[in-house]
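Everything on this sheet refers to the single structure shown next.
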Amino acid sequence: MTRIELPEKISIFSDFIEDISTIKEVDEYIGYVKKVLEGVYKDFEITLNATSVNIKKNVTIAEHHYRIDEPLENTIETDEFL
């Protein structure tokens, strides 16, 4: 299994990325992020197995639904998430 190691303050994004199973999904999700940045969508939420991301124009919040220890969510600028 390949996993992106990110700093703890954005580690839930690693969990989200790990849940993506195909290149087709990657392309689809990148399209959603771009549409939010372009203003086509006000925001967009993607929910996967154990994680979700709420994409807004300036900030994206990743949440882990089953994690016991804090933090349960991380935040990153949306253009950096893209």
Check your understanding: Do you know the tightest heavy-atom contact between V36 and K57?
Key -> CG1-N, 3.5 Å

Exercise for review: Give the intermediate values and the outcome of side-chain contact (heavy atoms from CB on, under 4.5 Å) for residues E45 and T47.
Suggested key: CA-CA 6 Å; E45 185 170 4; T47 301; 3.8 Å; yes

Point to revise | Whether K35 side chain and Y41 backbone form a donor-acceptor pair below 3.5 Å | key: no

Exercise for review: Only counting residues at least two apart or in another chain, list the ones meeting side-chain hydrogen bond (donor to acceptor under 3.5 Å, both in side chains) with D43.
Suggested key: none

Exercise for review: Measure the CD1-CG distance between I17 and L48 for me, rounded to the nearest 0.5 Å.
Suggested key: 10.5 Å

Study note, to complete from the structure: Sorted by chain and number, sequence neighbours left out, side-chain hydrogen bond (donor to acceptor under 3.5 Å, both in side chains) with T22 holds for none

Please tabulate, one pair per line, all N/O donor-acceptor pairs under 3.5 Å involving side-chain atoms of residues 62-82, not counting sequence neighbours.
{"residue": "H64", "atom": "ND1", "partner": "Y66", "partner atom": "N", "Å": "3.1"}
{"residue": "H64", "atom": "ND1", "partner": "R67", "partner atom": "N", "Å": "3.0"}
{"residue": "H65", "atom": "NE2", "partner": "S52", "partner atom": "OG", "Å": "3.2"}
{"residue": "R67", "atom": "NH1", "partner": "P71", "partner atom": "O", "Å": "2.9"}
{"residue": "N74", "atom": "OD1", "partner": "S11", "partner atom": "N", "Å": "3.0"}
{"residue": "N74", "atom": "OD1", "partner": "I12", "partner atom": "N", "Å": "2.7"}
{"residue": "N74", "atom": "ND2", "partner": "K9", "partner atom": "O", "Å": "3.2"}
{"residue": "T78", "atom": "OG1", "partner": "K56", "partner atom": "O", "Å": "2.5"}
{"residue": "T78", "atom": "OG1", "partner": "V59", "partner atom": "N", "Å": "3.1"}
{"residue": "T78", "atom": "OG1", "partner": "V59", "partner atom": "O", "Å": "3.2"}
{"residue": "T78", "atom": "OG1", "partner": "T60", "partner atom": "N", "Å": "3.4"}
{"residue": "T78", "atom": "OG1", "partner": "T60", "partner atom": "OG1", "Å": "2.9"}

Point to revise | Separation between CG of D19 and CG of N49, rounded to the nearest 0.5 Å | key: 5.5 Å

Review point. Should I61 and V53 be counted in the same cluster of Ile, Leu, Val, Met, Phe, Trp and Tyr side chains packed under 4.5 Å apart?
Key: no

Exercise for review: Please determine, by modelled atom types, if E18 and S14 share a side-chain donor-acceptor pair under 3.5 angstrom.
Suggested key: no

Point to revise | ring pair (Phe, Tyr, Trp, His ring centres under 6.0 Å): pairs with one or both residues in residues 19-39, sequence neighbours excluded | key: Y32-F44

